[in-house]
K.L.:
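First the structure, then my questions, so here it is.
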Number of protein chains: 2
Amino acid sequence: MKQLPRAVIGRLPRYFRCLRILINNEVLRISSDELAGLVGLSASQVRGDLAALGDLGQQGYGYSVKTLYAEIASRLGAGDNFEAVIFGATPLGLALASGPLLSRRGVSVTAVLYTKEVRTIVCEGESPKTVCEGVVLPDGCRVLPVSELESVKSRDIAILACDDEEAPELYRLVADHGFRGVWNLTELELRGSASTRVINARLGDSLMILCFGLHSGDWE
Amino acid sequence: MKQLPRAVIGRLPRYFRCLRILINNEVLRISSDELAGLVGLSASQVRGDLAALGDLGQQGYGYSVKTLYAEIASRLGAGDNFEAVIFGATPLGLALASGPLLSRRGVSVTAVLYTKEVRTIVCEGESPKTVCEGVVLPDGCRVLPVSELESVKSRDIAILACDDEEAPELYRLVADHGFRGVWNLTELELRGSASTRVINARLGDSLMILCFGLHSGDWE
DNA sequence: TAGATTGTTAATCGATTAACAATC
DNA sequence: TAGATTGTTAATCGATTAACAATC
């Protein structure tokens, strides 16, 4: 299996999302030209990207949506069923725990850990658990204080959804406890290590790029 | 004012975040080497990026944190006080409305619009308004059904935080009502037009890159 | 076969890097 | 002056594009 160029890897999730929609719409085949329109790239680039993944297309026909989706999902590890622990029972943390974003990518949340004693409305008995309006935690997801981290088994992904001030300390905790990956949603820039991979989500950065566009006019 | 390279623009928000932290810590000056450590780039790249912004450094001394921050904030339009309307009273939409992410960037939320009649716990009389645990809307932010969009004046930024299924319809609505920019937090890829700029946040994509790293091992 | 569409190539473009002269 | 650190350059690297031969 050849090493994929970094730029291609960065675009795979986009194909993943678009192909999933095609599958839901029961589309069976698609050409590089049509797919390019959906993902917002050129047909040439789409062909280049997909060719890097292997021999997936068929000349004169195009690509099988299912084959493509399966290949990309497998390359990305979307079928690996990683388990995540969310650090911070913040509105953002709870939104992620209850929304479809993680589960669609094959990531399941086993716990939400809080640092500040919140007057959270948790109905421990109920299933699914309703934390507050619109926030229903998935089955098997516990809500605990961070001090109970030991009792949580998952060590795949730590999702940092805490306040920025708490990030450095929680990151140390996470690294010490052997989490393999960190998805950092705080505003801090964290650096990974040999044993702990870190991805800084930089959610707010994309908003600033939009503001730059509105501010300066000239941009694309 | 020379046109900035696209790659530099993409990194400006990162400098913005790191410099803000330095300012909070009352750091006055910084060298390209130190700053590089914070933002996770090489010193060479930092100097290149900052040189593209103008004559901000001083040889033998470094950069003034304040000057740098002011210049970058101004370039990004962080001082333009853009007004945003959030489409979707979802957990994510409410998290953004109540959290510091927007306000730190000089963006204020004037309204949260909902599509489904939710049993939302809004205390209309109170100020600040508490929607649910941990979600306190800022002053001047209204919660309305989408049908009341006409009564909202802001036309700077529309934040799409609705369910994916609602995105196409709401996007049309937003474009028709003359919003200048769209920050799309749904999983769909939207394309902008001459009059409406669109940035797809692609929040989940960064999580998938992390999964790819855990899955494939070899990556950086 | 004719038409469609891929996979690949060569050319271009832009971004990154390392080194160092300029300068405070 | 000596030390530090920038701004700039030339060389390298990687990504994108357009064109077209290969092939279904």
Side-chain angles (χ1 to χ4, degrees), chain A residues 1-15 18-19 22 27-69 71-72 75 205 209 212 218-220, chain B residues 1-15 18-19 22 27-69 71-72 75 205 209 212 218-220:
Chain A
M1 194 105 78
K2 260 233 308 297
Q3 176 99 337
L4 289 176
R6 183 178 285 251
V8 175
I9 297 168
R11 282 188 294 265
L12 289 187
R14 226 143 113 198
Y15 292 111
C18 293
L19 289 166
L22 290 173
V27 178
L28 295 181
R29 67 159 281 277
I30 192 162
S31 68
S32 57
D33 196 52
E34 292 170 301
L35 186 52
L38 294 177
V39 295
L41 301 167
S42 72
S44 189
Q45 191 158 32
V46 167
R47 287 201 297 277
D49 288 352
L50 300 185
L53 292 174
D55 246 355
L56 297 168
Q58 200 177 330
Q59 273 118 326
Y61 172 82
Y63 303 87
S64 147
V65 172
K66 270 189 187 164
T67 310
L68 222 49
Y69 180 78
E71 176 63 27
I72 291 174
R75 285 293 191 112
D205 288 12
I209 304 293
F212 175 84
D218 57 23
W219 158 269
E220 178 142 339
Chain B
M1 196 102 80
K2 259 232 308 295
Q3 177 98 336
L4 288 175
R6 183 178 284 251
V8 175
I9 297 170
R11 284 188 295 264
L12 289 186
R14 225 142 115 200
Y15 293 111
C18 294
L19 289 166
L22 290 173
V27 178
L28 295 181
R29 67 159 280 278
I30 193 160
S31 69
S32 57
D33 196 52
E34 292 170 301
L35 186 52
L38 295 176
V39 294
L41 301 167
S42 72
S44 189
Q45 191 160 32
V46 167
R47 287 201 296 278
D49 288 353
L50 301 185
L53 293 173
D55 246 356
L56 298 168
Q58 199 178 333
Q59 272 117 330
Y61 172 83
Y63 302 87
S64 149
V65 172
K66 270 189 190 166
T67 309
L68 223 47
Y69 180 77
E71 176 62 28
I72 290 175
R75 283 293 191 113
D205 287 13
I209 304 291
F212 174 85
D218 57 23
W219 158 270
E220 177 141 340

K.L.:
Give the rounded distance in Å between these two atoms: CZ of R6(A) and P of dA15(C).
P.N.:
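Rounded to the whole Å, the gap is 16 Å.
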K.L.:
Distance check needed: dG14(C) C1' versus Q3(B) CD, whole Å only.
P.N.:
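Q3(B) atom CD is separated from dG14(C) atom C1' by 14 Å.
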K.L.:
How many Å lie between CG on L41(B) and P on dT17(C), as a whole number?
P.N.:
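Roughly 9 Å, once rounded to whole Å.
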K.L.:
Among dA15(D), dT8(D), dA18(C), which is the nearest nucleotide to the side chain of A51(B)?
P.N.:
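The closest nucleotide is dT8(D).
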K.L.:
Within 45 degrees of the axis of the six-membered ring of Y63(A) and under 6.0 Å from its centre: does R29(A) put its NZ or CZ there?
P.N.:
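No, a cation-pi geometry is absent between R29(A) and Y63(A).
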K.L.:
Grab the CG-P distance between D33(B) and dG3(D) for me, whole Å please.
P.N.:
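Atom-to-atom, D33(B) to dG3(D), this comes out as 19 Å.
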K.L.:
Over all strands shown, is S44(B) touching base, sugar-phosphate only, or nothing at heavy-atom distances under 4.0 angstrom?
P.N.:
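Base, at least one base atom sits under 4.0 Å.
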K.L.:
Check whether any side-chain nitrogen or oxygen of R29(B) sits under 4.0 Å from OP1 or OP2 of dT6(D), and answer yes or no.
P.N.:
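No, R29(B) has no side-chain N/O under 4.0 Å of OP1/OP2 on dT6(D).
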K.L.:
For dT9(D), take OP1 and OP2 only and decide whether either is under 4.0 Å from a side-chain N or O of R47(B).
P.N.:
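For R47(B), the contact criterion (side-chain N or O under 4.0 Å from OP1 or OP2 of dT9(D)) is not met.
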K.L.:
Measure the shortest side-chain to side-chain distance between R75(A) and L53(A) over non-hydrogen atoms and say whether it is less than 4.5 angstrom.
P.N.:
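A side-chain contact exists here, since the closest heavy-atom pair is under 4.5 Å.
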K.L.:
Quick check: do V65(A) and L19(A) have side-chain heavy atoms less than 4.5 Å from each other?
P.N.:
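Yes, close enough: below the 4.5 Å cut-off.
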K.L.:
What's the CG-P distance between D49(B) and dA15(C), to the nearest Å?
P.N.:
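After rounding, the reported distance stands at 10 Å.
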K.L.:
Would you say Q45(A) reaches dT17(D)'s phosphate, i.e. side-chain N/O to OP1/OP2 under 4.0 Å?
P.N.:
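Q45(A) to dT17(D) OP1/OP2: side-chain N or O found under 4.0 Å.
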K.L.:
Can you tell me how far P of dT5(C) sits from CD of E34(A), to the nearest Å?
P.N.:
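These atoms are roughly 8 Å apart.
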K.L.:
Looking at every strand, decide which applies to S31(B) at a 4.0 Å heavy-atom threshold: base, sugar-phosphate, or nothing.
P.N.:
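The residue S31(B) makes sugar-phosphate contact but no base contact.
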K.L.:
Between the side-chain atoms of Q59(B) and the base atoms of dT6(D), is any donor-acceptor pair under 3.5 Å?
P.N.:
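Yes, a donor-acceptor pair under 3.5 Å.
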K.L.:
Partner of dT23(D) by Watson-Crick or G-U wobble geometry, both contacts under 3.5 Å, or none?
P.N.:
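Base-paired to dA4(C).
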K.L.:
dT8(C) P sits how many Å from L53(A) CG, rounded?
P.N.:
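Distance, rounded to whole Å: 12 Å.
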K.L.:
Show the nearest heavy-atom pair for residues R11(A) and D49(A), with the distance to one decimal.
P.N.:
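Answer, listing the atom of R11(A) first, then D49(A): NE-OD2, 2.8 Å.
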K.L.:
Check the phosphate of dC24(D) against Y63(A), side-chain N and O only, distance under 4.0 Å to OP1 or OP2. Yes or no?
P.N.:
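The answer is no; no side-chain N or O of Y63(A) sits under 4.0 Å from OP1 or OP2.
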K.L.:
Who does dC13(D) pair with, Watson-Crick or G-U, both distances under 3.5 Å?
P.N.:
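Across any shown strand, dC13(D) pairs with dG14(C).
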K.L.:
For Y61(B) and for R11(A), find the nucleotide of DNA chain D with the closest heavy atom, then tell me which residue's nucleotide is more 5'.
P.N.:
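Nearest-nucleotide comparison on DNA chain D picks Y61(B).
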K.L.:
For S32(B) versus R47(B), what's the shortest heavy-atom pair and its separation?
P.N.:
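Here S32(B) and R47(B) meet closest at OG-NH1, 3.0 Å.
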K.L.:
Are S32(B) and dT6(D) close enough that a side-chain N or O sits under 4.0 Å from OP1 or OP2?
P.N.:
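Yes, because at least one side-chain N or O of S32(B) sits under 4.0 Å from OP1 or OP2 of dT6(D).
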K.L.:
Using a cut-off of 4.0 Å on non-hydrogen atoms, how would the nucleic acid contact of L56(B) be classed: base, sugar-phosphate, or nothing?
P.N.:
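L56(B): backbone/sugar contact only, no base atoms under 4.0 Å.
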K.L.:
Using every non-hydrogen atom in the two residues, find where L38(A) and C18(A) come nearest and quote the distance to one decimal.
P.N.:
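Of all heavy-atom pairs spanning L38(A) and C18(A), the closest is O-SG, 3.8 Å.
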K.L.:
Once you round it to whole Å, what is the distance between C1' of dT6(D) and CD1 of I30(B)?
P.N.:
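After rounding, the reported distance stands at 14 Å.
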